[in-house]
Protein chains: 2
Amino acid sequence: MSFRYFILGLLTQRPMAGYDIKRLLQRLDWLIGSPSFGSVYPTLHTLLKDGLVDVSVAHNEERPSRKVYSITLAGQQALQAWLDQPVEPGISLKEFLMRLMLAGNLSHHGLVAYLQQRRSEVAARRPKLEKVARSEENTALGRQLAFDYGLAAAAAELAWLDRTLERLSP
Amino acid sequence: MSFRYFILGLLTQRPMAGYDIKRLLQRLDWLIGSPSFGSVYPTLHTLLKDGLVDVSVAHNEERPSRKVYSITLAGQQALQAWLDQPVEPGISLKEFLMRLMLAGNLSHHGLVAYLQQRRSEVAARRPKLEKVARSEENTALGRQLAFDYGLAAAAAELAWLDRTLERLSP
DNA sequence: CCCGCCATGTAACACGTTACATGATTTT
DNA sequence: AAAATCATGTAACGTGTTACATGGCGGG
């Protein structure tokens, strides 16, 4: 269900063809990863089958025909329902960012709550990581480095969340 | 092939049962993600079938029998071959950390080279992200936040890599 | 007495990748 | 003339999840 809703979310901004979506996703590759064409097209097919998107074929002389998809009312409702349901804890960074990118469909309050939930999760990770890092089986160099990385990453994310929450507050 | 080699790598430290592996992985969950039992056991079965691990059943009265797996010579060679082959660029953070945790099987020089490669990749992401963030279609709040996060994360990882590389140098 | 931990396993399913097929047009 | 870009699609495969089945032990 991961990319399904994200693609649906992209279509709230403007109607797009599969190729466009793939290209856009490609440029977001580093943040959320980019599915292949073999994934994008079938996803659009099932969204269409489920009535969440419409398609209009743009017959072009000179260039291949494009199938331009737009979100339907049912699609907007389905997206909203998905966004409204609370995120279960332990979500991955990629999922966190995917939802964050759809923040345009969220209320200000919803966005702040989302970031605050993330903040408390990341904060909770710190002591856990430290505890695991100190356990006797993790003295190998690689493990030590990985834990060290984890702590640094958690600290950086926490700092970003604090900065961002402050910026968003009135 | 992702967890296959990581599990093999875990067995270089000590022989373990599937349950042990899962428990260990669980504690590394935040760093590299943890596969379910339905993935761990079949993985061990195929490693066994391929001759990369051995199994010895520990019949215990009182407790369920445990199947303790140990790495074979062929397994060690396969792992080494996998570690020796250069990492293709664009690897995900999770894969980066998985390999990092196996650093015990790497030479000092190999480890440093690995980190340096990562450093140059992360450094290259910065200008790309900045360029994409400035493009006209990314003015929506969510996108801006996600890009901002990406830049902060990249900066933090870069700083960590520099610190670590310095610490590892003579 | 029920719940949680220990311990293994299988089958159905979900999601995504790789590799292929097709074919025109623009750039090198 | 070759290669990249535009544009869509399918089929086989890989890897992992969820949900189930089985069964004993220990603590609240």
Self-check item: Under-4.0 Å side-chain N/O to phosphate OP1/OP2 contact, B:Arg23 with C:dC5
Solution: no
Quiz item: Touch check for A:Ser34, heavy atoms < 4.0 angstrom, all strands: base, sugar-phosphate only, or nothing?
Solution: sugar-phosphate
Quiz item: Rounded to the Å, how far apart are B:Ile21 CD1 and C:dA7 C1'?
Solution: 13 Å
Practice problem: Can you tell me the distance, in whole Å, between the CG atom of A:Leu47 and the P atom of C:dA14? | Solution: 15 Å
Quiz item: Okay, side chain of A:Gln117, backbone of A:Val87: is any donor-acceptor separation there less than 3.5 Å?
Solution: yes
Exercise. Write down the distance between CG (A:Leu24) and P (D:dA7), rounded to a whole number of angstrom.
Key: 14 Å
Practice problem: Using a strict 4.0 Å threshold on nitrogen-to-oxygen distance, state whether B:Asp148 and A:Arg167 make a salt bridge. | Solution: yes
Quiz item: When hydrophobic residues are tied together by side-chain contacts of less than 4.5 Å, even through go-betweens, does B:Tyr19 share a cluster with B:Val40?
Solution: no
Practice problem: Please state how far atom OH in A:Tyr5 lies from atom P in C:dA14, giving the value in whole angstrom units. | Solution: 13 Å
Exercise. Output the single nucleotide from D:dA7, C:dT17, C:dT8 whose closest atom is nearest the side chain of B:Arg66.
Key: C:dT8
Quiz item: Rounded to the Å, how far apart are B:Gln26 CD and C:dC5 P?
Solution: 11 Å
Quiz item: B:Lys22 side chain N/O closer than 4.0 Å to the phosphate oxygens (OP1, OP2) of C:dT8?
Solution: no
Quiz item: Which is true for A:Ser2 with a 4.0 Å heavy-atom rule: it touches a base, it touches only sugar-phosphate, or it touches nothing?
Solution: sugar-phosphate
Quiz item: Can the positive tip of B:Arg4 be found less than 6.0 Å from the middle of the six-membered ring of B:Trp82, inside 45° of the ring normal?
Solution: no
Quiz prompt | Selected nucleotide, minimal atom distance to B:Tyr41 side chain, candidates C:dT18, D:dG16, C:dT8 | solution = C:dT8
Self-check item: Side-chain N or O of B:Tyr19 closer than 4.0 Å to phosphate OP1/OP2 of C:dC6
Solution: yes
Quiz prompt | Sugar-phosphate only, base, or nothing, as touched by A:Gly18 at under 4.0 Å among non-hydrogen atoms | solution = sugar-phosphate
Quiz item: Rounded to whole angstrom units, what separation is found between the CD atom of B:Glu95 and the P atom of C:dG16?
Solution: 16 Å
Practice problem: Round to the nearest Å and state the distance from B:Phe37 atom CZ to D:dA19 atom C1'. | Solution: 14 Å
Quiz item: Has B:His45 got a side-chain N or O lying under 4.0 Å from the OP1 or OP2 atom of C:dT10?
Solution: yes
Quiz item: Which nucleotide sits closest to the side chain of A:Lys67: D:dT8, C:dA7, C:dT17?
Solution: D:dT8
Exercise. May I have the distance from B:Met16 (atom CE) to C:dA7 (atom P), rounded to whole angstrom?
Key: 12 Å
Practice problem: Flag the pair B:Leu28 / B:Met101 as yes when at least one side-chain heavy-atom distance between them is below 4.5 Å, and no otherwise. | Solution: yes
